[in-house]
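In the text below, chain A, chain B and the rest are named by the order of the sequence lines, each starting its count at 1.
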4 protein chains.
Amino acid sequence: MTTPDTHRRQRRKDARPAELAAAAMALFVEKGFAATRLDDVASRAGVSKGTLYLYFDSKEALFRSVIEESIVPMIGEVEAMVERLGDDPVRLLRALLEFWWAQIGSTHLAGTCKLMLCEAGNFPEVAMYLNERVIGPWHMLLNRVIEAGMTKGVFRQGNPESVRQMVFYPLLMQAVWQCSLPVCSSARPMPENYFDTFFDVLFRGLLVEPSEETQR
Amino acid sequence: MTTPDTHRRQRRKDARPAELAAAAMALFVEKGFAATRLDDVASRAGVSKGTLYLYFDSKEALFRSVIEESIVPMIGEVEAMVERLGDDPVRLLRALLEFWWAQIGSTHLAGTCKLMLCEAGNFPEVAMYLNERVIGPWHMLLNRVIEAGMTKGVFRQGNPESVRQMVFYPLLMQAVWQCSLPVCSSARPMPENYFDTFFDVLFRGLLVEPSEETQR
Amino acid sequence: MTTPDTHRRQRRKDARPAELAAAAMALFVEKGFAATRLDDVASRAGVSKGTLYLYFDSKEALFRSVIEESIVPMIGEVEAMVERLGDDPVRLLRALLEFWWAQIGSTHLAGTCKLMLCEAGNFPEVAMYLNERVIGPWHMLLNRVIEAGMTKGVFRQGNPESVRQMVFYPLLMQAVWQCSLPVCSSARPMPENYFDTFFDVLFRGLLVEPSEETQR
Amino acid sequence: MTTPDTHRRQRRKDARPAELAAAAMALFVEKGFAATRLDDVASRAGVSKGTLYLYFDSKEALFRSVIEESIVPMIGEVEAMVERLGDDPVRLLRALLEFWWAQIGSTHLAGTCKLMLCEAGNFPEVAMYLNERVIGPWHMLLNRVIEAGMTKGVFRQGNPESVRQMVFYPLLMQAVWQCSLPVCSSARPMPENYFDTFFDVLFRGLLVEPSEETQR
DNA sequence: CATGAATGAGGTTTCATTCAT
DNA sequence: CATGAATGAAACCTCATTCAT
């Protein structure tokens, strides 16, 4: 009794909220929440403005929903990383960061990071929630690895907070930056050997060691 | 002829634009451009809404002026850093970054960085201008130091772009983050030994060297 | 598929711009452009303020549109008069003026004349445009008839500009005056024999001719 | 005790209100009442905005005062014309109209006529007052002359209202027009022989009489 | 379900008016 | 007297939200 047309329609209907959220996400990331007009969201999604209200109660609800939907995969990613916990802090740290970049930093989820940064002041509860569910656990994870490395004597002693920023913020900033300035020159794609240099310097230091020096 | 009162009034009038710009800056950084109401700017500055229009043609002009006024000192800071150029890449790089943090990252100019990140999409010309006058020169400066260090064989070989991000983005992100989340837990003051760890890891690497290892 | 209701709605929507323009026209004529509030335009048209902006970009655009829409019929009228050009200057001149009064001077298009007079200083481009498209052609038309009459020896020789004003300005001023002072006593309807006297005096002069004098 | 300087100051002070009124008049005529900003009035008069309030209670009071000051000389002119009443309707009518043009239509008082036309709707009491004190008497005057001419058998019989408009409106419209469109081409100075043609046609008609025709 | 015309609260902007100097 | 910075009511304009179709 359900014709293929009905099927297609059904699929369309089910996909609607996600389509709308995706359109909203793109514009929220590009312009910010307040500067985004629902007119624009609707026309980007190819629907009428009224349709938005069939799926979302308000602009703010749309925003929360967009964030919400981004959070679920993020939580998933972070938890997936927890699974990977192994013994070698070096390999583990590298794996975590590369995984973060592959699954978040270089994907459309990077936009959520930008939104977090830009809109946290206007949506403190959202920020708190995100902080609790995603940022916190992620920081915990990094901290555990870093501190484990220090405890094991593999990593240099020091302020773990400082270390966490050093290992993570370059990636985070790069991700956010690419959302912000697709127009500027900085939007060039990540260079091939970015991570090679990154981890080389991170683990072995910027300075050439005496032993290496003699090798040259 | 000029009574003290006249003086006070004159001083008031001369100071007005800066006062208004400061109030606007604070709110723009906190809420973003679009979400900031001129009513709020005015009442934060302790004047009426109309007064804003005695000094700025429009909300957008106010924004541009705020950025403009932030740029001048930034250019000054960057140029001041150029003066410091010496021969030792290690000391120089550390000096540059500590200076940036002291003069920009930890001051109210950090807000300009956040604005840049958040509003670049809505004010592309402003972003281009800033990019040209401040960001570009600053990147050049870092690049020169990094490349000089590599050429001299003091710094490990690698992608300079990657290195630049590693040395600068943790500071930049920290600065922006503190603007965004005065409400969240991350707003705690920079720990005492942040920079010690930062440069220790940066220059010598996260890994404990074999020679050090034996010392423990 | 289209119910009568749909029809009515459609008709309503199509008619909206004209309804709004009519309401605006009436108030612009009555109060002038600057003194007319869009609130008043909206409530006279029976819509809310925001509705105006669905159809017109700004108050000025509304004004221009109102004028624009008045110009089209005016051009039509003037061109219709050109068609009437015949050989007898006397009958032709009378026909033109009576036609102008019937189609413009005594209709709502008279308001456009008042607007032209009152707002020309504030909308010089609009004035120039009207001058080019309507006023100029109309003056040309009158001039041609007047000069043809003079050339043929039917009309007394004299400054055609002066004659044109004599034949047209009483009608124009009467039209404008009735827009301006519906409140004053002058708003009484045109007397029955207005045109009889008008053309009698115009063609034969105010003075009683000697031959007539003897008839009394 | 009164130095020359004091004298000059005194004269300046006494002249102030008239200077301000003159500046206001010019702008009211050019832009209309509502579109005229007191800022512009003040700067045209070379004083500060506050100074206006030393001499006039409000913008409307300024407007009324401007009109008021124009009325007095107008009343004077009209009364001066009454004095001239003689016996010959032809000479009298011509004298009245030429006098009106010389003393009002071609002077800055023409602006008052434009204001009357444009602002009557916004200031009905002012319009009524003007109507009572100036327009009415002036119309009476013309009517008396016209009717006297008709009674004496010098003027052709007809609707006096119509005749009054024919003799006066061309001049009035010309006066107003020159206020409205200093920008348009119509602002050319009155042609030399304007009045010659005007009265020739007015008294003897547009048509060439048979007797004249043979003279040609 | 989907539409888009209509709404009106709330933002930006203007400017007549005031008042300390 | 004269000033002009400051005010705030009221205008213009925007856009999230509603609802008849």
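Side-chain N or O atoms of Lys31(B) include none that pairs as donor or acceptor with a backbone N or O of Arg37(B) at under 3.5 Å. One N or O on the side chain of Ser43(C) and one on the backbone of Asp39(C) form a donor-acceptor pair closer than 3.5 Å.
Between Phe63(D) and Thr36(D) there is no side-chain heavy-atom pair separated by less than 4.5 Å. The shortest side-chain heavy-atom distance between Val126(A) and Glu119(A) does not fall under the 4.5 Å cut-off.
Nearest-nucleotide positions on DNA chain F for Leu52(B) and Gly50(C) put Leu52(B) closer to the 5' end. Ranked by how close their nearest DNA chain F nucleotide is to the 5' end, Thr36(C) and Glu60(A) are led by Thr36(C).
For Asp39(C) and dA9(F), the CG to C1' distance is 14 Å, given to the nearest whole Å. In this entry the distance linking CG of Leu38(B) with P of dT12(E) reads 4 Å, nearest Å. Following rounding to the nearest Å, Asp40(B) (CG) and dG11(E) (C1') show an atom-to-atom distance of 11 Å. The CG atom of Asp57(B) sits 16 Å away from the P atom of dT12(E) (whole-angstrom rounding). Counting to the nearest Å, the P atom of dA5(F) and the CZ atom of Arg16(B) are 11 Å from each other. Put simply, CZ on Phe56(C) is 15 Å from P on dC12(F), counting in whole angstrom units. As a whole-Å value, the separation of Leu62(A) CG from dC15(F) P is 16 Å. In this structure, CG of Leu27(D) is placed 13 Å from P of dC15(E), rounded to the nearest angstrom.
The CZ atom of Phe123(A) sits 8.5 Å away from atom CD1 of Ile67(A), with the distance rounded to the nearest 0.5 Å. In this structure, Arg64(C) CZ and Asp57(C) CG are separated by 12.0 Å, a value rounded to the nearest 0.5 Å.
Close to dA6(F), at under 4.0 Å from its OP1 or OP2, lies a side-chain N or O of Tyr55(B). Proximity of Thr51(A) to the phosphate of dT3(E): a side-chain N or O atom is located under 4.0 Å from OP1 or OP2. Side-chain nitrogen and oxygen atoms of Tyr53(C) include at least one within less than 4.0 Å of the OP1 or OP2 phosphate oxygen of dC13(F).
Residue Leu54(D) is in base contact, counting any heavy-atom pair closer than 4.0 Å across all strands shown. Residue Lys59(A) is classed as a sugar-phosphate contact, given heavy-atom separations below 4.0 Å to backbone atoms only. Among the protein residues, Ser43(D) comes within range of no part of the nucleic acid, since none of its heavy atoms lies under 4.0 Å from any strand.
Stem regions annotated for DNA chain E: E:2-21 with F:2-21, counting only runs of 3 or more consecutive pairs of Watson-Crick or G-U type with both contacts under 3.5 Å.
When all heavy atoms of Ala24(B) and Val66(B) are compared, the closest pair comes out as CB-CG2, 4.1 Å.
For Lys49(D) against dT17(E), a side-chain N or O and a base N or O form a donor-acceptor pair under 3.5 Å.
You'll find that the side chain of Ser58(B) is closest to dT13(E), out of dT17(E), dT13(E), dC15(E).
Using a 30° and 60° split on the angle between ring planes, Phe28(B) and Phe33(B) fall in the tilted class, from 30° to 60°.
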